[in-house]
2 protein chains.
Amino acid sequence: MGKRKTTPLKDYAPDGHHCSLELKTSKLGMVSFFRDLKQEDLDEIVKRFSATHYREGAEIYYQGDPANYLRVVVDGAVKLLRYTDEGKDVVLDILEPGSYFGSLKLLGSDVYTESAVAQSGCCILSVGLKDFREILQEYPSVGIAILEVSAEKLRSSQEQIKQLTTEPVETRIANILLTLTEKFGENKKEGTLIQLPFSRKDLADMAGTTTESASRVMSNFQKEGIIETGRQWVALKDIKKLRTIIED
Amino acid sequence: MGKRKTTPLKDYAPDGHHCSLELKTSKLGMVSFFRDLKQEDLDEIVKRFSATHYREGAEIYYQGDPANYLRVVVDGAVKLLRYTDEGKDVVLDILEPGSYFGSLKLLGSDVYTESAVAQSGCCILSVGLKDFREILQEYPSVGIAILEVSAEKLRSSQEQIKQLTTEPVETRIANILLTLTEKFGENKKEGTLIQLPFSRKDLADMAGTTTESASRVMSNFQKEGIIETGRQWVALKDIKKLRTIIED
DNA sequence: GCACTAAAATGATATAGATCAAGTTAGTGC
DNA sequence: GCACTAACTTGATCTATATCATTTTAGTGC
């Protein structure tokens, strides 16, 4: 167990030099509802988006704000959450590059029902809803594709409901680790590093439990050699064993 | 406390005479994504749908079945649920007339991830996805409207996640009763009858708890005069008090 | 009205996980 | 290398709710 001295996570430079036009275009092309467009159409569409950089922890929008933009993650990770009156946070999703978020309320106006926070330094593309409506008009295939993505989001949300009501904390956490690995995993000498700063509290808010319980589960996982973990980082060492826990 | 001798719920005749063409058209017009269409367009669209009747408890589709239809509730109520491996059922939603369900997977093929059961006798319109794709092509406004409905569904699903992780069973049940009243409430001399057969088990599966716990909560609500209840039915007598419980 | 049955209520007990309360340490910055 | 602090861990207790085991009853059909 070679003890590390510094976090294995890479630092995101928030200066924006990452986010070239090519990167923007290529990430936009990754969003599944733009995936089928020709390169020239994509080039046209990307012009309507504007890019913004956020530092780790920055609020992109807050629940209750007027919802006038559709956004796409180009680089980094975005956390969607609800702050409750009782002071408990509920993390709804952590988005990887290529995911969209924000508003789809194309008719009338609306207000965000969740908050969006930069989980790492990140680059976000955004488009006003009026512009997006025009895009939909011009490229009808986008409308159909976006429907599918929305349906998929609903599904994963329902899966979460199922897990909350039927699975114990340990299984839920195992599932989260697996999902995060798929989204943000980077292969290193030993195991897969989840390239994303996230704390026990984040994990707890994702699993619908407390920091302490999340911590206990993670300690056990480490004892069993399933993961290696430090402050704000986790690396998966034994995915097979993790899968066993999920399948019970 | 005048004891009732028969269920106050009305019986749905499963013979289909309810479901006239006018009723179909008017219900289809209630689906928010068809709401803005002209009457003549609606008349055209309704022709592409076919109507089926289901008796209470009948399976409309089962999770894992190939998902080739989009459906609309015309009359009655539909329960969407997931059966888990461990034998626990998770109710995802109970749909009132005017709601859509089924598949939106317009490209490629897919499989249902939940099951749909007729909660009461009901009349369902369905359209094949190929036909629906044509409708979308012909009436682009439908596409935009459906996006909004999907976003709304995602939202209510996220609200459910929030409640499961932050609210105690009593509050969750209070919320469910309120929602069901809004969807299926019928004003009677004393209070609002939820016009829908649903058992303690249904309620428990909606709230993510057990039949026994649901039963206890309902007993208390009745003792406090908030509801009046029998087998498979509930009437709200004191909405204000119920709201108090929700707001804590 | 009476018998029958599935649904609901109730009681006793067990338990996962929350809560409360101190510790420990990883990783940073000097 | 050392001190510092937020992140994490660990332990002891408490509690909401599950579980198990019965009993009661609403509503039906005769």
Side-chain angles (χ1 to χ4, degrees), chain A residues 1-11 56-57 84 86-90 163-174 196-205 207-224 227-235 245 248, chain B residues 1-11 56-57 84 86-90 163-174 196-205 207-224 227-235 245 248:
Chain A
M1 272 192 227
K3 302 256 169 158
R4 295 170 198 268
K5 278 274 150 197
T6 54
T7 175
L9 296 177
K10 63 163 160 268
D11 235 9
E56 189 178 322
T84 72
E86 311 90 53
K88 285 183 186 172
D89 302 348
V90 180
Q163 290 201 17
L164 282 169
T165 55
T166 61
E167 311 286 0
V169 168
E170 187 183 57
T171 313
R172 266 141 56 199
I173 288 184
L196 181 79
F198 75 103
S199 63
R200 295 294 180 266
K201 176 169 190 324
D202 288 322
L203 189 58
D205 291 344
T209 182
T210 56
T211 322
E212 293 93 331
S213 292
S215 183
R216 280 183 241 271
V217 171
M218 293 295 272
S219 295
N220 289 340
F221 284 174
Q222 187 154 35
K223 265 176 218 145
E224 293 173 40
I227 58 170
E228 192 176 339
T229 179
R231 295 186 176 204
Q232 314 249 48
W233 64 269
V234 183
I245 286 169
D248 195 33
Chain B
M1 271 193 228
K3 304 255 168 158
R4 294 171 198 267
K5 278 274 148 196
T6 55
T7 177
L9 297 177
K10 62 163 162 269
D11 236 8
E56 189 177 323
T84 72
E86 310 90 53
K88 285 183 186 175
D89 301 348
V90 180
Q163 291 200 17
L164 282 169
T165 54
T166 62
E167 311 286 359
V169 169
E170 186 183 56
T171 313
R172 267 141 56 198
I173 287 184
L196 181 78
F198 75 102
S199 64
R200 294 294 180 265
K201 174 167 191 325
D202 287 323
L203 190 58
D205 291 344
T209 182
T210 57
T211 323
E212 293 93 330
S213 292
S215 183
R216 281 182 240 271
V217 170
M218 292 296 271
S219 294
N220 289 340
F221 284 175
Q222 186 154 38
K223 267 176 214 143
E224 293 173 38
I227 58 170
E228 192 174 337
T229 179
R231 291 183 180 209
Q232 314 250 46
W233 63 269
V234 183
I245 287 169
D248 196 33

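Note that this is a predicted model, so its numbers are computed, not measured.
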Proximal nucleotide (of D/dT19, C/dT10, C/dA7) relative to the B/S219 side chain: C/dT10
OP1 or OP2 of D/dT9 sitting under 4.0 Å from any side-chain N/O of A/S215? yes
B/E228 CD to D/dA26 P: how many Å, rounded? 11 Å
If you take atom types as modelled and just measure distance, does the side chain of A/R216 reach the base of C/dT19 with a donor-acceptor pair under 3.5 Å? yes
Given atom CE of A/M218 and atom P of C/dA26, what is their separation to the nearest angstrom? 15 Å
Starting the side chain at C-beta, find the nucleotide from C/dG27, D/dT19, D/dC8 nearest to A/W233. C/dG27
Using whole Å, report how far NZ of B/K201 lies from C1' of D/dA18. 15 Å
For B/R200 and D/dA18, give me the distance from atom CZ to atom C1', rounded to whole Å. 18 Å
Whole Å only: how far is the CD atom of A/Q163 from the C1' atom of C/dA16? 17 Å
Round to the nearest Å and state the distance from B/E212 atom CD to D/dC20 atom P. 9 Å
Can you tell me the distance, in whole Å, between the CD1 atom of A/I173 and the P atom of C/dA16? 15 Å
Atom-to-atom span, CZ of A/F198 to P of D/dA7 - whole angstrom: 15 Å
